[in-house]
Amino acid sequence: MSSLAQSRRNRADRVVATWAELRITKTFLILGYHRNAQRIPLAGLKATVGESGSPADGPNGHRVHVTITGLAGRPVRRSQPYSYGTIGAARMFEILVNRAGRQHPAAAERPIPDWTDLPRAA
């Protein structure tokens, strides 16, 4: 799917943040970009970020991993080659998922913060 088509799909789905085809809205984790992509309520989910390998391992040897737990069944895992951009985006995605996952089920309709709601550096 082209980046323009992904942007349109994100806008149509009201996506707050994305990382490696994991997308979140105010209330759901969406797996992929297809119209029939699986939607999982965010309440109770937890995201973690990790790294594997090192730059000495050659191209694509150093990777960033995002794991989503709290789902019925297996955790969802995605990875991308390491860069300052991918690790930063992964950490932001982790923060947003974890904030939304801690909401009480009754508060699931309350919007989760996006990057514009985070404190600014002085």
Side-chain angles (χ1 to χ4, degrees):
M1 179 176 274
S2 73
S3 62
L4 180 59
Q6 289 175 350
S7 294
R8 287 181 179 156
R9 174 69 56 200
N10 285 342
R11 195 169 30 254
D13 290 338
R14 297 181 179 207
V15 169
V16 175
T18 67
W19 199 84
E21 294 197 8
L22 296 174
R23 305 180 306 140
I24 56 172
T25 67
K26 292 179 180 182
T27 54
F28 291 101
L29 169 67
I30 304 172
L31 306 178
Y33 284 92
H34 300 288
R35 290 182 187 189
N36 62 347
Q38 185 177 1
R39 294 172 184 265
I40 302 162
L42 285 171
L45 298 185
K46 182 173 180 359
T48 55
V49 173
E51 295 179 48
S52 65
S54 75
D57 294 338
N60 294 325
H62 192 184
R63 300 192 64 83
V64 177
H65 307 277
V66 170
T67 303
I68 309 287
T69 57
L71 307 163
R74 293 188 189 185
V76 173
R77 293 184 176 96
R78 298 289 189 274
S79 68
Q80 291 187 4
Y82 178 91
S83 73
Y84 291 122
T86 57
I87 191 69
R91 294 278 182 216
M92 179 61 67
F93 192 83
E94 174 188 36
I95 290 166
L96 293 172
V97 170
N98 290 341
R99 283 184 180 175
R102 285 192 303 261
Q103 291 180 349
H104 299 291
E109 292 302 315
R110 201 171 56 210
I112 64 170
D114 66 15
W115 68 272
T116 59
D117 296 326
L118 296 174
R120 301 205 189 282

> Which heavy atom in Ala47 sits nearest to a heavy atom in Asn98, and how many Å separate them?
Replying inline: N-OD1, 2.6 Å
> Any donor-acceptor pair under 3.5 Å linking the side chain of Arg23 with the backbone of Val15?
Replying inline: no
>> Please find the pair of heavy atoms, one from Tyr82 and one from Val64, that lie closest to each other, and give the distance.
In response: CD1-CG2, 3.5 Å
>> For Arg39, give me all partners under salt bridge (charged side-chain N to carboxylate O under 4.0 Å, His left out), at least two apart in sequence or on another chain.
In response: Asp13
> For Arg91, what residues pass the salt bridge (charged side-chain N to carboxylate O under 4.0 Å, His left out) criterion, not counting sequence neighbours?
Replying inline: Glu94
> Same cluster for Leu22 and Ile24 if Ile/Leu/Val/Met/Phe/Trp/Tyr side chains link at under 4.5 Å?
Replying inline: yes
Let me have the donor-acceptor pairs involving side chains of residues 65-78, under 3.5 Å, with sequence neighbours excluded, atom names and distances please.
| from | atom 1 | to | atom 2 | distance (Å) |
| --- | --- | --- | --- | --- |
| His65 | NE2 | Ser52 | OG | 2.6 |
| Thr69 | OG1 | Lys46 | O | 3.4 |

> Less than 4.5 Å apart, any side-chain heavy atom of Lys26 and any of Val16?
Replying inline: yes
> From Gln80 CD over to Glu21 CD, what is the distance, rounded to the nearest 0.5 angstrom?
Replying inline: 9.5 Å
> From Arg8 CZ over to Ser3 OG, what is the distance, rounded to the nearest 0.5 angstrom?
Replying inline: 10.5 Å
>> Using every non-hydrogen atom in the two residues, find where Pro81 and Thr86 come nearest and quote the distance to one decimal.
In response: O-OG1, 3.1 Å
>> If I take atom OG1 from residue Thr18 and atom CD1 from residue Ile30, how far apart are they, to the nearest 0.5 angstrom?
In response: 11.0 Å
> Which atom pair, heavy atoms only, marks the closest approach of His62 to Gly53?
Replying inline: CD2-O, 3.6 Å
> Is there a path from Phe28 to Val97 through hydrophobic residues (I, L, V, M, F, W, Y) whose side chains come within less than 4.5 Å of each other?
Replying inline: no
>> Can you give me the closest heavy-atom contact between Leu29 and Phe93, atom names plus distance?
In response: CD1-CZ, 4.2 Å
